[in-house]
Amino acid sequence: MSQTTRVTLYALSTCPYCRRTREFMDSKGISYHLIDVDLLEGNERDEVVRTVTELNPRLSFPTIVIGEGDRKHVYVGLDNAAEHALLELI
């Protein structure tokens with residue numbers, strides 16, 4: 001993987017685990033697309049919730065997606081595996 005790999009972070013604005021994940025990625029200089037699901041409204045929120053549920057049926061946060069299409073990896077929470085995968089980007 002390289003820093004050009006797309007990283008999407010599905011989070012909740014009030015979630016301390018999501019905040020820790022953002023702080024970790026920011027401190028390492030990892031570029032990512034942040035989606036605070038609880039700040040979305042209407043159809044946009046419904047669509048994102050469907051997407052996250054497909055990636056993570058428990059609909060828990062943070063949900064981290066690294067890569068796209070057939071080459072994407074999904075991590076729920078910032079555990080050792082997620083940290084390792086993110087660190088490979090830098």
Side-chain angles (χ1 to χ4, degrees):
M1 285 187 247
S2 70
Q3 186 53 54
T4 59
T5 301
R6 181 172 175 84
V7 177
T8 303
L9 172 60
Y10 294 96
L12 300 176
S13 64
T14 58
C15 168
Y17 301 105
C18 300
R19 185 172 30 258
R20 179 175 165 255
T21 301
R22 288 191 313 267
E23 289 170 355
F24 173 82
M25 290 195 286
D26 290 343
S27 74
K28 302 300 182 189
I30 298 168
S31 297
Y32 59 96
H33 178 69
L34 173 64
I35 300 174
D36 279 319
V37 178
D38 59 324
L39 300 180
L40 301 174
E41 296 179 355
N43 290 337
E44 183 180 24
R45 182 179 182 146
D46 294 343
E47 183 179 321
V48 169
V49 166
R50 271 192 300 278
T51 298
V52 175
T53 302
E54 289 173 9
L55 298 167
N56 168 15
R58 294 183 331 198
L59 190 61
S60 54
F61 298 94
T63 296
I64 306 161
V65 181
I66 301 174
E68 297 178 85
D70 294 340
R71 304 192 88 190
K72 75 179 164 208
H73 300 278
V74 178
Y75 299 91
V76 179
L78 187 64
D79 60 10
N80 289 336
E83 283 186 13
H84 180 74
L86 289 166
L87 289 173
E88 284 184 2
L89 299 174
I90 57 176

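Side-chain contact check for H73 versus V65: every heavy-atom pair is 4.5 Å or farther apart. Looking at Y10 and L55, their side chains come closer than 4.5 Å, going by heavy atoms from C-beta outward. By the 4.5 Å heavy-atom criterion applied to side chains, L87 and K28 are counted as neighbours. Counting heavy atoms from C-beta outward, Y75 and L86 have side chains that stay 4.5 Å or more apart.
Interatomic distance, OG1 of T21 versus OH of Y32, reported as 9.0 Å (0.5 Å rounding). Atom OG1 in T63 sits 4.0 Å away from atom CG in N56 (nearest 0.5 Å). Between the OG atom in S31 and the CZ atom in R6 there is a gap of 11.0 Å [rounded to 0.5 Å]. The distance from the OG1 atom of T8 to the CD1 atom of I66 is 10.0 Å, given to the nearest 0.5 Å. The structure places CZ of R45 at 11.0 Å from CG of D36, a figure rounded to the nearest 0.5 Å.
Placement of I64 and I90 within a single hydrophobic cluster is found when ILVMFWY residues are connected by side-chain heavy-atom separations under 4.5 Å, directly or transitively. In the hydrophobic clustering of ILVMFWY residues, with side-chain heavy atoms under 4.5 Å counting as a link, V76 and V48 come out apart.
If you chain together ILVMFWY residues whose side-chain heavy atoms come under 4.5 Å of each other, Y17 ends up in a group of its own.
Using a distance-only test at 3.5 Å, with no hydrogens or angles considered, a donor-acceptor pair links the side chain of D38 to the main chain of S13.
Note on residues 59-84: pairs passing salt bridge (charged side-chain N to carboxylate O under 4.0 Å, His left out), not counting sequence neighbours, are R20-E83.
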